[in-house]
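Residue numbers begin at 1 in each chain, while the letters A, B, ... track the order of the sequences.
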Amino acid sequence: MTYLNKADLKVVGTRPIRPDGVDKVTGRAVFGADQALPGMLVGKLLRSTHAHAKIVSIDTSKALALKGVKAVVTSADFPDIPSEEAFVGEGPMNFRDLSRNVMARGKVLYHGHAVAAVAATTSEIADAALALIDVKYEVLPFVIDVEEAMKPGAPVLHNDLFTQGTTPQPTEPSNVAKRVQFALGDVDAAFKTADVIVEGRYTTEPVHQAYIEPHACVVSVGADGQAIIYSSSQGHFMVRAYCAKLLGMELSNIRAMPSEIGGGFGGKTLVYLEPVAMALSKQTGRPVKMVMTREDVFRATGPTSGGVIEVKLGAKKDGTIVAAEAILKFQAGAFPGSPVQPGCMTCFAMYDLKDVRIIGYDVVSNRPKVAAYRAPGAPISTFGTESAMDELALKLGMDPIELRLKNAAKDGTKAAYGPTLQNIGYIPTLQAAKAHPHYSAPLGKNQGRGVASGFWFNIGGESSGSVHVNEDGSVSIVTGSPDIGGSRASMAMMCAEVLGIPMEKVRPVVGDTATIGFTHLTGGSRVTFATGMAVTQAAEKVRDELKVRAAKIWDIPPEAVEWKDGMAVPAGANAGGFDPLSLADIAIKAAKTGGPIISEVSVNAQGAGPGFATHICDVEVDPETGFTTVLRYTAIQDVGRAIHPSYVEGQIQGGAAQGIGWALNEEYIYNAKGELDNPGFLDYRVPVASDMPMIEAVMIEVPNPRHPFGAKGVGEVPIVPPLAAVANAVRSATGLRMADLPISPPKLRAAFDAR
Amino acid sequence: MSKIHVTTTINGEPAEFLTEPQMSLLDILRDEMHLTGSKEGCGSGDCGACSVIMDGRVVCSCLVLGVEAEGKDITTIEGIANGEDLHPVQRKFLEHAALQCGFCTPGLIVATKALLDRNPDPTETEARYWLAGNLCRCTGYDKIIRAVMDAAAEMRGA
């Protein structure tokens, strides 16, 4: 059953207070580091002081002898996992690499790579013990830059890494893990038919997800091998699976409990601490708590890739793009697995192109292993393609929105990565941008306006949800999706809509791995779509059962009962003259009519509709200092159906702000020794309140028929356009094409000087 | 190392604790007083998640030593609401959906209360600069600023 007619909706589309709200404004909500267990030890990690080195030996004897130290672990305490590829979370994962990222084995591959861990009775003793661990290194040459790492003769990180995706496969190892290609038509021939060609080379630096909550966990392993994990993550089923794999345990012997999560943005789709805390707890028989410092977070988790994007576009004089080509080189960090593939798949997906070719390289270097970050890969590649679109518009003398409208993907467009797009709302975002007062507002001196668009797939996948009617007629729902930004509210709203009751009658909780069916992690903008589908179906089954129970109470056939406004009513005069029965009326008699009224539904949701967005950005540039101020920002997005519009707007605004930070401020800065020089919020500057204008979120609703309420994922696509929207605005203000992010004041000042 | 005895006031109630000299007020609040509403996002005074009000001034409790609490009056996020009655700032944060993950929220609410105690009628720019020490990675600040301005208006009776 679907609920696509907006006029019929009573709860979906309204803006109620979120169910977990009071806990979060009063300090009651329990996040990862807020957990404590009796007898708990403090776990801490020793990290590599070199960017690349062979571990010759680790002597832990002095640390173990320190009073208060209960255990020390190194890679010798973990199984040596063979190479095994799996697709978990938002990208490919090799369990051997994950294991070696959690605890270095044989070599350290980046400054900050974990080499040993201690558990002690106090934090001070743990620190003292770390200082007593003697690691002998044989220092190796390192490489940080992506193009340097690709060169012949570069220091090789992995002797068994042979480039995949080339024929013949090379016989020498290198840092190029993979080459991928997506193509339609004959690009080389098509370029020959172009009237106008633009070419550009664009670069981005690695940026961190920079969630404010550092990674934290408490793990307790009993003498019977039963483990319980409390941790902050985007998926406790993921935490359970990874810990089981890395420690060689059975899934049923691990119970993973979801803490509240203080931001993730993709960065909490991996494990770092949990397997280490588990190994320490196993050895000591006591609970072990581990919490990262902010410096740990910057040095050893995330970030996303920096990249090089080479773009070539060919067009007819009327603006029709006849050929498009991009070559992407993405840093993967110390292990393969950059988001270059989705980077390739997304960067031209806004356009209806017959002849297109995108080639990507996944390149390892001596940096922390990258983690997913909101629409992984797409902001990087799209920065290149949307900057190039701006250049093309200039060269053609065309309005940038008109150029995009001329070439826009629409229903039936075959994307370069394979599928034919359906039920997409890209053109409406462009039309709304063009009609928006922002687009025609006057600009002052040193001010400029930029436009850019973006695409993200969105995913579905496995989710579970259960709906229980309590004895008093109130309703409890359980899902397996950590609530990272208000999903409890959307789950409760969809359930309330189906049952015809107020949202406040529905209490949603996030269940642990033992209390609800398997649920894939919170990522890919999938929760409202997939988990929402499970909850909706569970609520429908409960509604059907409520009708059956009412029929029993009235002693009439179930078909003679209708569900209307939260009540069972007889279906017409022939059914009988009964008074309506509320949920409470039916619930109180449940024992006599068949027992508890519950339903749990698990789905593998398919048909997530892709997201499209178009952003308009105004900036003012100070030619004296090179400082760029964002004056006005409008983000227009096809959201399918906004279940709770405030939280949809919030996703759009937050994604735009992160993209603005990526464009203007944020970057990983390495020194000559291969050490990250800015591992803190003072020097890695995320946008603060005084940096930002209001961000106007414009929601276009093109419902997705594959979801009962028409929902599409909304969380990721808003980070895709801002990088180019800001850069295009800076170009409009200054005439300078800033092709290298971030557009920091020194860089822009230098560009003024070079002119 | 011997511990130092500290007598202070937390959320209007007399409190005392023993602290080692190097312990931060944030560690005391979280680990000794079990007031875990104040969060540690950086430990270096850059994120504001640990904001508390000490003698009328908003401070990062990670940069205050436990011993400095002696004789002071400290308000944490746990002391902002009056029992079941939320403070207007808390209510407006909820009404405006000014939080997503909620981790920075305690610090932002404490800092906003301190702002409005001092300046009941801030401009948007003043609010943005006052809160520039409180990082939020989820919201882009739009709804936070709207909540702050709306709370200020309500508290003024406007």
TODO: With a 4.5 Å cut-off on heavy-atom pairs, point out which of Gly37(B), Ala98(B), Ala132(B) contacts chain A the most.
DONE: Ala132(B)
Short donor-acceptor contacts under 3.5 Å linking chain A with chain B:
from, atom 1, to, atom 2, distance (Å)
Arg18(A), NH1, Leu99(B), O, 2.9
Arg18(A), NH1, Gln100(B), O, 3.0
Arg18(A), NH2, Gln100(B), O, 2.8
Val25(A), O, Gln90(B), NE2, 2.7
Ala33(A), O, Arg30(B), NH2, 2.9
Asp34(A), OD1, Arg30(B), NH1, 2.8
Asp34(A), OD1, Arg30(B), NH2, 2.7
Asp34(A), OD1, Lys39(B), NZ, 3.4
Asp34(A), OD2, Lys39(B), NZ, 2.4
His208(A), O, Arg137(B), NH2, 2.9
Gln209(A), O, Arg137(B), NE, 2.9
Arg294(A), NE, Gly41(B), O, 2.8
Arg294(A), NH2, Gly41(B), O, 3.0
Tyr373(A), OH, Arg137(B), NH2, 3.3
Glu649(A), OE1, Lys143(B), NZ, 2.5
Gly650(A), O, Gln100(B), NE2, 2.9
Gln651(A), NE2, Gln100(B), OE1, 3.3
Gln653(A), NE2, Asp142(B), OD1, 3.4
Gln653(A), NE2, Asp142(B), OD2, 3.4
Gln658(A), NE2, Arg137(B), O, 3.3
Glu666(A), OE1, Arg137(B), NH2, 2.8
Glu666(A), OE2, Arg137(B), NH1, 2.7
Glu666(A), OE2, Arg137(B), NH2, 3.4
Pro687(A), O, Tyr141(B), OH, 2.7
Ala689(A), O, Arg128(B), NH1, 2.9
Met692(A), O, Arg128(B), NE, 3.4
Met692(A), O, Arg128(B), NH1, 2.9
Ile695(A), N, Asp142(B), OD2, 2.8

Open item on the list: Can you tell me which portion of Ala29(A) sits under 4.5 Å from chain B's heavy atoms? Options are side chain, backbone, both or neither.
Closed with: backbone
Open item on the list: Measuring from atom CG of Leu682(A) to atom SG of Cys42(B), what distance do you get when rounded to the nearest 0.5 angstrom?
Closed with: 9.5 Å
Task: chain B contact via Ile484(A) - which portion, at a heavy-atom distance below 4.5 Å - done: backbone
Task: Atom group of Ile109(B) that falls short of 4.5 Å from chain A, counting heavy atoms - done: side chain
Task: Residue part contacting chain B, namely of Pro693(A), when any heavy atom lies under 4.5 Å - done: backbone
Task: Contact class of Val22(A) relative to chain B, heavy atoms under 4.5 angstrom - done: both
Open item on the list: Using a 4.5 angstrom heavy-atom cutoff, name the option from Ala489(A), Gly680(A), Gly485(A) with the most pairs to chain B.
Closed with: Gly485(A)
Open item on the list: Less than 4.5 Å to any heavy atom of chain A: does that hold for the side chain of Leu86(B), its backbone, both, or neither?
Closed with: side chain
Open item on the list: Just to verify, what does Phe681(A) make a ring-ring contact (aromatic ring centres under 6.0 Å, His included) with, not counting sequence neighbours?
Closed with: Phe298(A)
- [ ] Under 4.5 Å, counting heavy-atom pairs only, tell me which of Ala210(A), Gly486(A), Ala657(A), Pro16(A) racks up the most with chain B.
- [x] Ala210(A)
Open item on the list: Which heavy atom of Phe93(B) sits nearest to which heavy atom of Val25(A), and what is that distance?
Closed with: CB-CG1, 4.2 Å
Task: When Leu131(B), Ile80(B), Leu135(B) are compared by non-hydrogen pairs under 4.5 Å with chain A, the top option - done: Leu135(B)
- [ ] Provide the closest heavy-atom pair for Cys101(B) versus Ile261(A) in the form atom of the first, atom of the second, distance.
- [x] CB-O, 3.3 Å
Open item on the list: Can you tell me which of Gly140(B), Gly41(B), Gly102(B) forms the most heavy-atom pairs within a distance under 4.5 Å of chain A?
Closed with: Gly41(B)
